Amino acid sequence: MKTNNKDEQRKTLSFPGKYIVKATVFIVVSLFVSATLLGFLGYLDFNAFAGFKLTQKRFKPKFPYQCDVVPNQTHQVPFSQIRTSKLDHNRSEPSTCPSYFRWIHEDLRPWKETGITRDMVEKASKTAHFRLVIHRGKAYVKRYRKSIQTRDDFTLWGILQLLRWYPGRLPDLDLMFDADDRPVVPSDDYTGQKSKDPPPVFRYCSDDASLDIVFPDWSFWGWAEVNIKPWGESLEAIKEGNHITQWKDRVPYAYWKGNPYVDPTRGDLLKCNVSEHEEWNTRLYVQDWDKETKEGFKNSNLENQCTHRYKIYIEGWAWSVSEKYIMACDSMTLYVKPRFYDFYIRGMMPLQHYWPIRDDSKCTSLKFAVHWGNTHVDKAREIGEVGSRFIREEVNMKYVYDYMFHLLNEYAKLLKFKVKIPSDVEEITPDSLGCAATERWRDFMAESMVMTPSEDLPCEMVPPYDRLALKEILERKANLTRQTELWEEQYFHDLANKP
């Protein structure tokens with residue numbers, strides 16, 4: 001039978017075409033399978049798939065899936081087992097802790113000679129909101145009274161995360177925590193020949209006339225009542241917000257927004273607002289708490305408030321939670337002379353991290369600070385950026401946990417008694433706190449929950465200040481503050497005598 005040459009040629013030519021089709025199908029299927037696998041493993045951003053962009057997806061923990069399945073990682077792990085774990089073999093040498101960790105030694109100095117007895121601890125219950133006992137890696141709590149909002153719950157949540165961050169590394173301890181604002185242990189009551197032993201009370205701030213022990217505040221794990229997210233997420237959002245308005249394009253005035261009714265010093269600040277008769281180089285706004293509460297504080301996003309070259313920090317009833325958010329903005333912080341301090345501000349220096357503002361002459365001080373900044377733009381920008389870098393690099397969550405870790409370790413060394421579990425306490429776990437939370441409160445616990453132990457060792461603790469060195473640091477701060485006051489006085493003197 002004769003074959004048609006054209007048919008034969010057509011058949012011959014069709015074979016490569018089939019191979020090409022098969023190869024194409026194979027490649028497409030392979031790419032799809034690979035993409036699915038990478039997506040499952042968390043490495044492929046499908047929104048960028050058209051550009052084949054390989055990225056690490058950020059997993060958001062869902063918490064809790066069911067109330068009985070949150071891994072309880074608060075149990076004690078033998079120290080020898082931790083030291084030989086796979087993670088430890090891959091760990092680099094620990095970094096040195098930031099210099100402000102030295103203040104841990106100063107805060108605990110009142111008990112250095114005597115140590116801390118069980119009686120001292122129990123006397124501290126007079127003002128405490130809760131008693132915390134850590135025993136063999138588990139946390140136990142006795143609640144004495146309810147705190148403002150959910151400060152106590154989120155503080156305890158933070159401590160549970162510390163136990164998950166550094167499992168098995170915290171010693172047994174017993175302490176009292178006061179979650180109110182102002183310190184309650186005046187040093188004058190515990191000096192002199194007839195002095196009593198001061199009760200060790202932990203709280204969020206203290207002052208030079210008090211012996212309260214300073215501890216990171218609850219908002220590092222979220223302030224649900226005002227919709228401020230956990231610090232790690234807030235810090236990233238503010239960092240991104242800093243890029244929205246370049247520094248040279250920011251409004252060249254000092255910005256503040258808040259509640260002026262919590263303390264007279266804030267009411268006094270409002271006198272410095274711009275008016276028809278006076279320009280103090282400020283733009284001050286009253287936060288409408290009723291409106292914002294009803295709207296869930298949707299119009300108070302911190303990352304949208306980095307639009308001015310200068311931002312004002314001023315205390316409220318005590319120190320203010322707003323401090324770290326203001327100082328993270330890359331704006332030059334105008335820091336109104338404080339009475340109180342939190343755990344990290346003592347490591348910051350005027351004219352390096354912020355510009356000091358007089359408390360007894362706020363308006364003229366603010367006006368000059370802004371004038372100075374607008375006539376020394378590069379230096380003002382540098383102060384703002386150095387202050388923000390300090391917040392980002394030395395007050396990130398890793399160092400917050402390290403501060404808690406070292407403070408509690410140094411405190412535990414002072415205990416003169418064997419820690420036992422009291423009969424009137426209850427164990428707390430991520431389940432017990434997380435399952436009881438609802439809505440935004442639960443969301444923030446989920447977002448701030450430690451999912452795996454730290455891959456790094458705690459930073460290496462710094463030694464106490466030499467007394468002379470500490471004196472020199474305090475004198476330097478005072479001298480730098482006084483320098484700005486002299487510049488201000490000269491400015492207004494020249495202004496008054498200007499022809």
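Please read these numbers as outputs of a predicted model, since none were measured by experiment. Along the sequence shown, residues are numbered consecutively beginning with 1.
Pro198 and Pro110 make their closest contact through CG-CB, 4.4 Å (heavy atoms, listed as atom of the first residue, atom of the second, distance). When all heavy atoms of Ile104 and Leu407 are compared, the closest pair comes out as CD1-N, 3.7 Å. Across Met404 and Pro216, no two heavy atoms sit closer than the pair CG-CG, 3.7 Å. Residues Ile238 and Ala328 approach most closely at CG2-O, 3.5 Å, considering heavy atoms. Between Ser210 and Asp207 the shortest heavy-atom distance is OG-OD1, 2.6 Å. In this structure, Pro260 and Val286 approach most closely via the heavy-atom pair CD-CG1, 3.8 Å.
Between Arg145 and Asp180, at least one side-chain nitrogen of the basic residue sits less than 4.0 Å from a carboxylate oxygen of the acidic one, meeting the salt-bridge criterion. Salt bridge present: Asp330 and Arg392 bring a charged side-chain N and a carboxylate O closer than 4.0 Å. For the pair Arg136 and Asp172, the salt-bridge criterion is not met [side-chain N within less than 4.0 Å of a carboxylate O]. One finds no salt bridge joining Lys196 and Asp189 here, because no Lys/Arg side-chain nitrogen approaches an Asp/Glu carboxylate oxygen to under 4.0 Å. Arg118 has no carboxylate O lying under 4.0 Å from a charged side-chain N of Glu122, or vice versa, which leaves the two without a salt bridge. A salt bridge links Arg151 with Asp181: at least one charged nitrogen is closer than 4.0 Å to a carboxylate oxygen.
The CD1 atom of Ile326 lies 11.0 Å from the OG atom of Ser388; values are rounded to the nearest 0.5 Å. Of the inter-residue distances, the one linking Asp359 atom CG with Thr265 atom OG1 reads 4.0 Å to the nearest 0.5 angstrom. Distance check, rounded to the nearest 0.5 Å: CD of Glu393 to NZ of Lys398 gives 14.0 Å. The distance from the CG atom of Leu414 to the CD1 atom of Ile116 is 5.0 Å, given to the nearest 0.5 Å. Here the straight-line distance linking atom CE of Met327 with atom CE of Met348 works out to 3.5 Å at 0.5 Å rounding. Atom CG of Leu351 sits about 11.0 Å away from atom CD of Glu382, to the nearest 0.5 Å.
Here salt bridge (charged side-chain N to carboxylate O under 4.0 Å, His left out) pairs that include residues 210-224, with residues two or more places apart or in two chains, are Arg203-Asp212, Asp217-Lys324. Residue pairs meeting the side-chain hydrogen bond (donor to acceptor under 3.5 Å, both in side chains) criterion with at least one partner in residues 406-416, sequence neighbours excluded, are Glu410-Lys413. The list of disulfide (SG to SG under 2.5 Å) pairs with a residue in residues 126-163, not counting sequence neighbours, is empty. Note on residues 460-473: pairs passing side-chain hydrogen bond (donor to acceptor under 3.5 Å, both in side chains), not counting sequence neighbours, are Glu106-Arg467.
Between Tyr255 and Tyr285, the ring-plane angle classifies as tilted under the 30° and 60° cut-offs.
The closest donor-acceptor contact from the side chain of Arg143 to the backbone of Phe130 lies at 3.5 Å or more, if one exists at all. A donor-acceptor contact shorter than 3.5 Å is absent between the side chain of Asp188 and the backbone of Thr191. The backbone N or O of Arg339 sits less than 3.5 Å from a side-chain atom of Glu315, completing a donor-acceptor pair. Checked by atom type and distance alone, the side chain of Arg266 pairs as donor or acceptor with a backbone atom of Asn259 at under 3.5 Å. Here the side chain of Ser206 pairs no donor or acceptor atom with the backbone of Ile213 at under 3.5 angstrom. Side chain of Gln161 to backbone of Trp157: a donor-acceptor contact under 3.5 angstrom is found. Between the side chain of Ser320 and the backbone N or O of Ser322 there is at least one donor-acceptor pair closer than 3.5 Å. In terms of modelled atom types and a separation under 3.5 Å, the side chain of Lys257 and the main chain of Gln305 share no donor-acceptor contact. Panel note: side chain Ser125, backbone Ala128; no donor-acceptor pair is recorded below 3.5 Å.
Note: Trp223 and Trp218 meet the aromatic proximity criterion, with ring centroids under 6.0 Å apart. Ring centroids of Tyr401 and Trp165 are separated by less than 6.0 Å, placing the two rings close together. Between Trp231 and Tyr325, the ring centre distance stays below 6.0 Å. Note: Tyr399 and Phe405 fail the aromatic proximity criterion, with ring centroids not under 6.0 Å apart.
Asp152 and Thr155 form no side-chain donor-acceptor contact under 3.5 Å, judged by distance and modelled atom types alone. For Asp402 and Tyr166, the side-chain atoms include at least one donor-acceptor pair closer than 3.5 Å. Checking Thr150 against Glu225 by side-chain atom types alone, a donor-acceptor pair falls below 3.5 Å.
With sequence neighbours excluded, the residues forming a side-chain contact (heavy atoms from CB on, under 4.5 Å) with Ala412 are Pro171, Leu173, listed by chain and number. Judged as a ring-ring contact (aromatic ring centres under 6.0 Å, His included), and not counting sequence neighbours, Tyr190 has no contacts.
Each of Trp317, Phe220, Phe154, Phe177 was scored for a ring-ring contact (aromatic ring centres under 6.0 Å, His included) with Tyr204, with one residue passing: Phe177. Exactly one of Tyr313, Tyr344, Phe390, Tyr335 qualifies for a ring-ring contact (aromatic ring centres under 6.0 Å, His included) with His353. That residue is Phe390. No option in Lys418, His135, Arg131 other than Arg131 meets the side chain to side chain donor-acceptor pair (under 3.5 Å) test with Asp174.
When the shell of 6.0 Å around CD of Glu113 is examined, it contains 12 or fewer heavy atoms from other residues, nucleotides or ligands. Heavy-atom contacts from other residues, nucleotides or ligands closer than 6.0 Å to NZ of Lys477 number more than 12. Within a 6.0 Å sphere centred on CZ of Arg476, heavy atoms belonging to other residues, nucleotides or ligands number 12 at most.
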One pair to check against salt bridge (charged side-chain N to carboxylate O under 4.0 Å, His left out): Asp178 and Lys126. What are the steps and the verdict? CA-CA 9 Å; Asp178 184 333; Lys126 183 179 179 180; over 6 Å; no
